[in-house]
Amino acid sequence: MDALVLVEHDGGAADEVSLQALSLAAAYADGAVNAVVIGAGADEPAGLGGVATAFVAELDGEAFAPDAWAAALCGLIGRLAPGVVIAAGSDRGNDVMARVAARLDLPLAANCTAAQPTGDGASVTRVRWGGSLLEEASLVGSPALLTTAPHAFAEAPRGGGAAIERFTPALEDGDLLVSVREHVDAGGGGVSLADAAVVVSGGRGVGSAEAFAVVEELAGLLGAAVGCSRAVTMAGWRPHSDQVGQTGTKIAPDLYIPCGISGATQHMAGCKGAKHLLAINGDAAAPIFASADYAVIGDLHEVLPAISEAIRKARQS
Amino acid sequence: MNVLVAVKRVPVTGGRIVLSDDRRAIDTRHLGFTISPHEECAAEEAVRLVEAHGGASTVLTLGPPEAEEQLRDSLAVGIDRAIHIVTDGEEWDPQATAGAIVAALEAERAAGTDYELILFGNESADAANFQIGARVARALRRPFVSGVKALALEDGAAAVRLEQQAGAGRDVYRVALPAVVSVKEGLNLPRYPSVPGRLRAKRKPLETRTPERPAARLALRSLSLPPGSGKQARILGHGAEAAPAVVEVLAELGLL
Ligand SMILES: Cc1cc2nc3c(=O)[nH]c(=O)nc-3n(C[C@H](O)[C@H](O)[C@H](O)COP(=O)(O)OP(=O)(O)OC[C@H]3O[C@@H](n4cnc5c(N)ncnc54)[C@H](O)[C@@H]3O)c2cc1C
Ligand SMILES: Nc1ncnc2c1ncn2[C@@H]1O[C@H](COP(=O)(O)O)[C@@H](O)[C@H]1O
């Protein structure tokens, strides 16, 4: 049984999450692993470890057009008859695979952390609730359509050696109607929450928009990004772009400092990638402490100014 | 313009999820219920579009009889009417869910109601299958854009401009209506239901449908909790006097 993998890339270099999808494909399929590569820079796909043939789709224009990508995949599925088709569980991977599943009327298991073939499809483990819960499920249909949960699989080696075959996908009318018309860059400055090495977040316990000054002060001293919980965005104290969690931003800093945040599963779904967690909360029984490496129990309005002051002193001496 | 929003009833889990004895569901005996924040934003957007451009908004759910609570919640924030596809409480798989939604939309069209815009959440809060919107759009042969965080009508409400987060920036799409869009939290700041809103919601029209559940092709076998962090927090202190210990930790981590 062969596998077909949708490889997302930056100018031809495969994304990490796509290398993870390739490694599931190699483990899942006993035959060849082939890849589909589409978009700007796709002519020279690089470092597709373990891929037999990289099929490079030639589309009119280079802008992302999810229906055309789905059409390209469906065409190859018809031709190669793979037993499994895998993409990364990224925004684009999940989007395109949902369209493929809809076109072929096949089941799709999104964000898998494990998958094995069975007689009539696949047995999968997949992520629910942003990673707070795992589901064992049976998928019935062929090819099995899967996406991989980010960072659930090791990356396939970036080795070379894939044969390259160009093809022009057969498109239906309307397959190019949905396409990216324009890209707007992020408004300047500041530390981006998703990439920050340190994040200091405030929750309902902060009390008001103005009271975030103590959170901002500590963040400023540490060169950290400011985050918050959903209780805070719902109260209008901070914009949603600051929200950490299942329906906010997923962060992976070296140090995460949640202050006055209880630790609801949906908040924790956004900070599982943090290497160290230092929680500040007035309630010693708050669930956040179960995920913390370091705990400070107390009123954040006393604790945060004291920490900022102590940092300044330590830096002076 | 007519706008339809699809929402799903899910439990509000707090700091810890507890599974039912058969490990096929969350133990909800002590929990309240809600919908995904993404879907709350979809409902808010539908209300605003109808406020600005006229027409009517409809909320639809597929779920157990108790899911009427989530429909009334949406009616309380200003949605005009509701469609309840009533199930026996079993979770329907994505193909079955999409199929039942499409059948309801076809019945609506046969009865003279068509929707210029159909809104979904980007993913449901619990199952997160990332696919119902795409399946419904395909069945209706309408353009579909996922993960939308900004939406504005253009060309005298004949088209819509949509923004999707892409890395640190935004990708912009333009599609003609009718269209199907899935949205993410951040699209807007949803209003809270008012007391008069709640009272009005009780009298707003709600229609039910009870289709048969097809066999699942993505069948849940069991649920499990991922291994806990296993962490034992080091208590650095109480109140302001913890500050020196915090500074020591910052120094250990090379952050001073
Ligand atoms: C589907 C879904 C998705 C969600 N997505 C997200 C998400 O992306 N992000 C998110 O954050 N939430 C999300 N939520 C909401 C989540 O369930 C919680 O409601 C939310 O995280 C609570 O925010 P909080 O911890 O700030 O508030 P609370 O739970 O009210 O906790 C406040 C905490 O502050 C402490 N405190 C109070 N005063 C002080 C003080 N002076 N000093 C120190 N400590 C103090 C209290 O002890 C308490 O622990 C989602 C919910 C659902 C249902
Ligand atoms: N049972 C349901 N009833 C109504 N709408 C649903 C249901 N399940 C999913 N949806 C809609 O489809 C979106 C995507 O769901 P999913 O494909 O499960 O991630 C959700 O945010 C809802 O808008």
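If you're wondering where the values come from, they're calculated on a predicted model, not measured in any experiment. In what follows, chains carry the letters A, B, and so on, assigned in the order in which the sequence lines appear, proteins first and then strands, with residues in each chain numbered from 1.
Ranked by heavy-atom pairs under 4.5 Å with chain B, the list A:S123, A:G248, A:G121 is led by A:S123. Note on A:E172, A:M97, A:H240: by heavy-atom pairs under 4.5 Å with chain B, the leading option is A:H240. The choice from B:A134, B:P37, B:G15 that makes the most heavy-atom pairs within less than 4.5 Å of chain A is B:P37. Of the residues considered (B:D93, B:L220, B:D126), B:D126 shows the highest number of contacts with chain A, using heavy-atom pairs under 4.5 Å. Here B:S222 is the residue among B:S222, B:G239, B:S36, B:G167 with the most heavy-atom pairs under 4.5 Å with chain A. Among A:L193, A:D185, A:V180, the residue making the largest number of heavy-atom pairs under 4.5 Å with chain B is A:V180. Between chain B and the options A:R92, A:Q266, A:K275, the largest number of non-hydrogen pairs under 4.5 Å is found for A:Q266. Between chain A and the options B:R135, B:E185, B:R138, B:R170, the largest number of non-hydrogen pairs under 4.5 Å is found for B:E185. For the options B:S224, B:S124, B:A176, B:P143, heavy-atom pairs under 4.5 Å to chain A are most numerous at B:S224.
Neither the backbone nor the side chain of B:P227 comes within contact range of chain A; no heavy atoms are under 4.5 Å apart. Contacts of B:L19 with chain A are made by side-chain atoms alone, with heavy-atom separations under 4.5 Å and no backbone atom involved. Within the 4.5 angstrom heavy-atom criterion, only side-chain atoms of A:L278, from C-beta onward, approach chain B. Residue contact with chain A, scored on non-hydrogen atoms closer than 4.5 Å, involves the backbone and the side chain of B:V145 alike. A:S138 touches chain B through backbone and side chain together, each having a heavy atom under 4.5 Å away. Of the atoms belonging to B:L255, heavy atoms from both backbone and side chain fall under 4.5 Å from chain A. Heavy atoms closer than 4.5 Å to chain A are found in the side chain of B:R161, but not in its backbone. For B:F144, the parts sitting under 4.5 Å from any heavy atom of chain A are the backbone and the side chain alike. Contact of A:R315 with chain B is made through the side chain alone, with heavy-atom distances under 4.5 Å.
Here the closest heavy-atom approach between residue A:A314 and residue B:V247 is recorded as CB-CG1, 3.9 Å. Contact record, B:L225 with A:S132: CD2-O, 4.0 Å, taken as the closest heavy-atom pair. Of all non-hydrogen atoms in A:L108 and B:L218, the two that sit nearest each other are O-CD2, 3.5 Å. Closest approach of A:A98 to B:F130, counting heavy atoms only: CB-O, 3.4 Å.
By the neighbour-count criterion of 12 heavy atoms within 6.0 Å, atom CG of B:D22 is densely surrounded, having more than that number from other residues, nucleotides or ligands. Counting heavy atoms of neighbouring residues, nucleotides and ligands inside a 6.0 Å radius, atom CZ of B:R16 does not exceed 12 of them. The local environment of CD1 in B:I235 is sparse, with at most 12 non-hydrogen atoms from other residues, nucleotides or ligands closer than 6.0 Å.
Not a single side-chain hydrogen bond (donor to acceptor under 3.5 Å, both in side chains) links A:E302 to another residue, sequence neighbours left out.
Using a 4.5 Å heavy-atom threshold, the side chains of A:L145 and B:Q131 count as separate. Side-chain contact check for A:D254 versus B:L253: every heavy-atom pair is 4.5 Å or farther apart. Between A:L255 and B:L250, some side-chain heavy-atom pair lies under the 4.5 Å cut-off.
Under a 4.0 Å N-O distance rule, the pair A:R181/B:E154 does not qualify as a salt bridge.
Near-neighbour residues of residues 279-289 of chain A relative to chain B, defined by a heavy atom under 4.5 Å from a heavy atom of that chain, comprise A:P287, A:F289.
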For residues 267-274 of chain A, tabulate all N or O donor-acceptor pairs below 3.5 Å that involve a side-chain atom, not counting sequence neighbours.
| from | atom 1 | to | atom 2 | distance (Å) |
| --- | --- | --- | --- | --- |
| A:H267 | ND1 | A:V244 | O | 3.2 |
| A:H267 | NE2 | A:Y256 | OH | 2.8 |

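With 3.5 Å as the limit, one finds no donor-acceptor pair spanning the side chains of B:E123 and A:T247.
Pairs engaging residues 230-254 of chain B under the side-chain hydrogen bond (donor to acceptor under 3.5 Å, both in side chains) rule: A:D293-B:K231 [sequence neighbours left out].
In this structure, CG in B:N129 is found 7.0 Å from CD in A:E135, a value given to the nearest 0.5 Å.
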